[in-house]
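Here the structure is a predicted model, which means the values were calculated and not measured. Residue numbers start from 1 in every chain, and the chains themselves are labelled A, B, ... in the order their sequence lines are given, proteins ahead of strands.
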Number of protein chains: 2
Amino acid sequence: MSTNKSVSAKDGGGDGSPPRRPGNAFLLAQLGAHAAARFAERVGQLDLTPAQAGLLRLIAWQPGQSQQAVARTLGTPPSRLVLLVDGLEERGLIERRRNPEDRRHHALYLTAAGTDFMARLATVGAAHEDDICDGLDQRERAQLQELLERLAVRQGLAVGVHPGYRPPAAR
Amino acid sequence: MSTNKSVSAKDGGGDGSPPRRPGNAFLLAQLGAHAAARFAERVGQLDLTPAQAGLLRLIAWQPGQSQQAVARTLGTPPSRLVLLVDGLEERGLIERRRNPEDRRHHALYLTAAGTDFMARLATVGAAHEDDICDGLDQRERAQLQELLERLAVRQGLAVGVHPGYRPPAAR
DNA sequence: TATTGTTATACTCTATAACTATA
DNA sequence: TATAGTTATAGAGTATAACAATA
């Protein structure tokens, strides 16, 4: 294609700069972004954004929380939740229930349709998991999971909460 | 804090929904986003965005490429590169050199200052790597790297190129 | 006419802050 | 007055498409 075909870029250019195999941190970021993109494609087929899928999962996991509580868990401003909740509520997957004791709170629950929908989401999630782990046998997958879990704990990451909700410099 | 303290959310709510330990795909996305955020903080101290750092690294690795070629490698539109290159050129880290044979091409090179700067970037990168791998000994880090590399190859990811440059649905 | 780099425009996403209703 | 939720506004980042220079 180019008059200058130069080096193959596979194992280091000829001009001093080292080949530089990426370390674990880079590989994690690279694979993480890839996995997130693939997941976005998959849930997109269910007309869901990744953020919506995460919210749905959180509500299924801890129903009855107020939007403030959910926002705190996710580390996102409450105003952002409004649109997310709106979308899922319009589709009939979740519902806001006003707390009679304190009518300022809107507790979030899955509807019956939402509960059904979770099965489809789980199927998509399993397919995604299998796709990403392609090339590793069962023992290696367990081994990887054990290592990743330890890293996640060490880094103080909450179980099941994707940091994609947080601002760049938040904890 | 709340009148409703409910379950501890650590090991499954009492209402049917399973605890659900995240799989490898989720852990990768979670740790990847976390690693990317931490990296952003670190290079931010060098007044660099992650995208700029990646571009700098690519230029150091394969100097003399045209902006079109770099854009193709990164999978990003050429128009986006212009601002990125502008910023790095204004800081004197890289330079555009017009090709006398075909004056439409601007080949990208590191300046002397840019070469010096790469050492600082490497230091930051090493500290980042060590931070992310905290809790794993040398053998485990190598083990993790071996597994991640195999996944990256299987997923068709280019060596050293972060997919953060690509649009959500690109390959 | 085709290609490289640039500029202009529009769009999406998000956070901040003002607003309301309840307390 | 304080808090939950909502709405309005503004900003950052990005892609698409028009443009100028060169071939």
If we only count heavy atoms from C-beta on, is the B:Arg57 to A:Phe26 side-chain gap below 4.5 Å?
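A side-chain contact exists here, since the closest heavy-atom pair is under 4.5 Å.
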Just wondering, do B:Ile94 and B:Leu56 contact through their side chains at under 4.5 Å, heavy atoms?
yes
To the nearest Å, give me how far apart [atom1] ([X]) and [atom2] ([N]) are.
| X | N | atom1 | atom2 | value |
| --- | --- | --- | --- | --- |
| A:Arg97 | D:dA4 | CZ | P | 20 Å |
| A:Leu108 | D:dA4 | CG | P | 14 Å |
| A:Leu84 | C:dC13 | CG | C1' | 12 Å |
| B:His105 | C:dT6 | NE2 | P | 13 Å |
| A:Leu83 | D:dG5 | CG | P | 15 Å |
| B:Gln68 | C:dA2 | CD | P | 16 Å |
| B:Glu101 | C:dT4 | CD | P | 15 Å |
| A:Leu74 | D:dG5 | CG | P | 14 Å |

Please determine, for the side chain of B:Thr76, which listed nucleotide (D:dG5, C:dT16, D:dA15) has the closest atom?
D:dA15
A:Val82 side-chain proximity, nearest of D:dT7, C:dG5, C:dA15:
D:dT7
Using OP1 and OP2 only, check whether a side-chain N or O of [X] sits under 4.0 Å from [N].
| X | N | value |
| --- | --- | --- |
| A:Arg80 | C:dT14 | yes |
| B:Arg104 | C:dT6 | no |
| A:Ser79 | C:dT16 | no |
| B:Arg96 | C:dT6 | yes |

Along DNA chain C (nearest heavy atom to each residue), the more 5'-positioned of B:Asp86 and B:Arg72:
B:Arg72
Please compare A:Arg98 and A:Thr49 by the position of their nearest nucleotide in DNA chain C and report the one closer to 5'.
A:Thr49
Side-chain-base donor-acceptor pair under 3.5 Å for A:Arg103 and C:dT22:
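Checked by distance alone, the answer is no.
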Has B:Arg96 got its NZ or CZ under 6.0 Å from the middle of the six-membered ring of B:Tyr109, at an angle within 45 degrees of the ring axis?
no
Between A:Gln30 (side chain only) and B:Val161 (backbone N and O only), is there a donor and an acceptor less than 3.5 Å apart?
yes
One thing to verify: whether A:Arg42 and A:Asp131 come together as a salt bridge, which I'm taking to mean a side-chain N less than 4.0 angstrom from a carboxylate O.
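Result for this pair is yes, salt bridge flagged.
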